[in-house]
Every structure is written in structure tokens, then in C-alpha cells.
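What follows is a single structure, written as C-alpha cells, with notes after it.
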Amino acid sequence: MHFSSLTLFSVLNFYFLLGVFLRTGAEPMNIFVLSLLCIGMVLTLRFQLSLKYDNQVLFFEIVRAIFFVVIGAVLTYYLIQFLHLSAVISSSIVGLGASFVPSVNRKWPFASQLPPLMYCGSFVGMTSPIIANGLGFIICSGAIAGIFFVLSRNMFHGIGGKLGAVALWAVFVTYFLIFLFN
Amino acid sequence: MINSIVLMGVAIFGAIFTSIVSIEWQLGVVRASALTSLIVALFFHFFPSLLSPYLTQHIPVIYFGASFVGMVSPTVHPKRVQIAISAFIYSLIYLCTEGVFMKYGGRLGASAFIAISFTYGFQLALKRFKFLKFF
């Protein structure tokens, strides 16, 4: 599962870079920069493959992750669409609020996991209605992001931006699924 | 050109400041990123005419993404100069990807992730090939 999860996440990351390349054009500087980025990512992925760890995933862990990521996504979507706050302000409010939960409620054994889960969900909720087209998309993306969060919990430790990358991968997959079935 | 330099400076400052708030002030990565980003975003929300419309629009956004770079663990980037390099790479990605996946949630985080992966990947390679340290 470790190798297949890593492969999936790598494909989605390279899809992002491919999109950048197609948009910015085949100028020498772009090719050079994107090549360096790809090489750097490959080196990091190679390092991740060499790591050995227990990748056992519990069903309850996935359900909990999906629940809190979806809450973060829906709250952020609500703040943007109905209170007309900017995406950055909405996501920051949700993240900041979630960050105080472990301090307020120390009895929950998983309280420390709640801030990153809801912050990840807030990035999903930042998706524009042009892409999201309704709360259903946000909930679906949030659920997939929760699954990806659990699958990647032992990967890319300490690398900033991982929560946002997980959110983007989930949005890509949801968009692709809608494209397939619609 | 000047706008790009300002945005790069904001990105580098944002990443380093978030790292300081998170580690030295011990607020934690999520709170540091969210709090500092909220302050910057609210500042430009209430004072929109302080800078040009382009900078007013982009500074909160690039800062937000740079704060994700600042969320990097000290085991990955133990030195501030490494965070600054990652933030600089992130700002390049941000400026190059204007208009690409603009409406997708998580785009900023993915850009920060790729920037840190780039710097970290080369760090790991340099450690392996110790003779390169002489260059």
C-alpha cells in the first residue's frame, strides 16, 4: 500500500507540474525550472521509498479523518460563499479556530490531530464554485482528502505544504471522477 | 519586475516569520500559519489602497502559501537559509503558475510542497555525494 499510495501521489504532483508546463509554454527557462523541480521531487520520492514503517490503516481512523476534513471544507466554503469573506481569510479563520481545540479539550485522545485535519479541509473548501459547482463537490473532495490524509500520514514527514497538496490531489481526483461519470 | 521582487520578499519573510512563530514562540505550525496569514489578509482587507491593486490582491495570497513553507519541520530544513531558498522557489512557482489551476483549492500548498521537495531532495543528494560539499 505504501508503494501504491506513493505512486498515486507522485502522479498527481507531476500532473500539477505538467499543467504548469503546458500553461507557461516550452520556453528554455520554464523547461529548466520545471526540470529542476521534477528532479528535486524525484529525489525526495526516492528517499520516501527507502523508508520502512508500519502502514496499517484503521477503518475508524479513516472515518474520523473524513469527518473532520469535511467539516473544515464545509465551514470554509460557507464563509466564502455566504459571508463573502476571501478564501485566505476564511481558511485562516477555520485553521485558527481548529488550532485551539487541543488546548480547550485535552481529554480527546485525537485532539492533536484535529487542527491539521480541519486545516486540510479548509484548503478543499477554498475551491472556487467554477470548479466546485456546489456543496456536493466540496463534501466529496473533503472525503477523498481525508482518505489521502490517512494514507500519507507516514509519508513526507515535516514537509510543509503537504496538507495543501493532499487537498489539491483530492480536488483533482473528484474533478476526474465527475468527468468520468458525467 | 518590482512587483515580482516585492512578492518574492514577502514569500521569504512569510516563511521565515511563520517558522519563528511556530518553533521559537511555540504556537504550533497550524496556529502560526493561520494566525499570521489572517493578520496579513485582514490588514490588506481594511487598508486596500495602501499599495497597488496588484500587490493588495497578491500579497495575502502569496504570504498564505509561504506560511506553508514556514510550516516545514526543523528535521527537514534545520537552517533558516534553507527555508528562505524554499520560499524563493515557491515564489517562482507562484509567479509562473498565475492562471494555472487558479480556482483549485490546495494549489498554494502544492506549490509549497514542491518547492520544499526540490530543496530537500537536493539536500539529500548532497549528503550522499559528500565530495560535492567542496563546491
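So you know, we letter chains A, B, ... as the sequences are listed, proteins then strands, and number each from 1. Atoms considered below: every heavy atom in the structure, side chains included; atoms not considered: hydrogens, waters and symmetry mates.
- Counting non-hydrogen atoms of neighbouring residues, nucleotides and ligands closer than 6.0 angstrom, the CG atom of A:Leu83 exceeds 12 such neighbours.
- Closest approach of B:Phe64 and A:Ser92 over heavy atoms only: CE1-OG, 3.7 Å.
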Given A:Val88 and B:Val61, is the side-chain contact (heavy atoms from CB on, under 4.5 Å) satisfied, shown in steps?
CA-CA 7 Å; A:Val88 173; B:Val61 180; 4.2 Å; yes
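- Heavy-atom distances place no part of B:Thr119 under 4.5 Å from chain A, backbone and side chain included.
- Ranked by heavy-atom pairs under 4.5 Å with chain A, the first of B:Gly70, B:Ala32, B:Ser33 is B:Ser33.
- Taking all atoms of both residues into account, the shortest heavy-atom contact from A:Leu168 to B:Ala110 is CD2-CB, 3.4 Å.
- Each of B:Leu35 and B:Ile23 belongs to its own hydrophobic cluster when Ile, Leu, Val, Met, Phe, Trp and Tyr are linked at side-chain heavy-atom distances under 4.5 angstrom.
- Of residues 36-48 of chain B, those residues lying under 4.5 Å from chain A by any heavy-atom pair are B:Ser37, B:Leu38, B:Ala41, B:Leu42, B:His45.
- A:Phe156 has its ring centre no less than 6.0 Å from the ring centre of B:Tyr120.
- Of the inter-residue distances, the one linking B:Ile116 atom CD1 with A:Lys162 atom NZ reads 12.0 Å to the nearest 0.5 angstrom.
- Atom CZ of A:Phe176 has 12 or fewer neighbouring heavy atoms from other residues, nucleotides or ligands inside a 6.0 Å radius.
- Of the two parts of B:Leu27, neither the backbone nor the side chain holds a non-hydrogen atom closer than 4.5 Å to a non-hydrogen atom of chain A.
- With a 4.5 angstrom heavy-atom cutoff, B:Val76 touches chain A only via side-chain atoms.
- Using non-hydrogen atoms only and a strict 4.5 Å limit, the part of residues 93-104 of chain A facing chain B consists of A:Ile93, A:Gly95, A:Leu96, A:Ser99, A:Phe100, A:Ser103.
- Atoms CZ and OG1, on B:Arg107 and A:Thr127 in that order, are 12.0 Å from each other to the nearest 0.5 Å.
- Side-chain contact check for B:Arg31 versus A:Tyr119: every heavy-atom pair is 4.5 Å or farther apart.
- In the hydrophobic cluster analysis, where Ile, Leu, Val, Met, Phe, Trp and Tyr join through side-chain heavy atoms closer than 4.5 angstrom, B:Met1 is grouped apart from B:Tyr54.
- Under a cut-off of 6.0 angstrom, the local environment of CZ in B:Phe122 is crowded, with over 12 non-hydrogen atoms contributed by other residues, nucleotides or ligands.
- Interface remark: of the candidates A:Ile159, A:Ile138, A:Leu85, A:Leu163, A:Ile159 forms the most heavy-atom pairs closer than 4.5 Å to chain B.
- Hydrophobic clustering (side-chain heavy atoms under 4.5 Å, transitive across Ile, Leu, Val, Met, Phe, Trp, Tyr) keeps B:Leu95 apart from B:Ile5.
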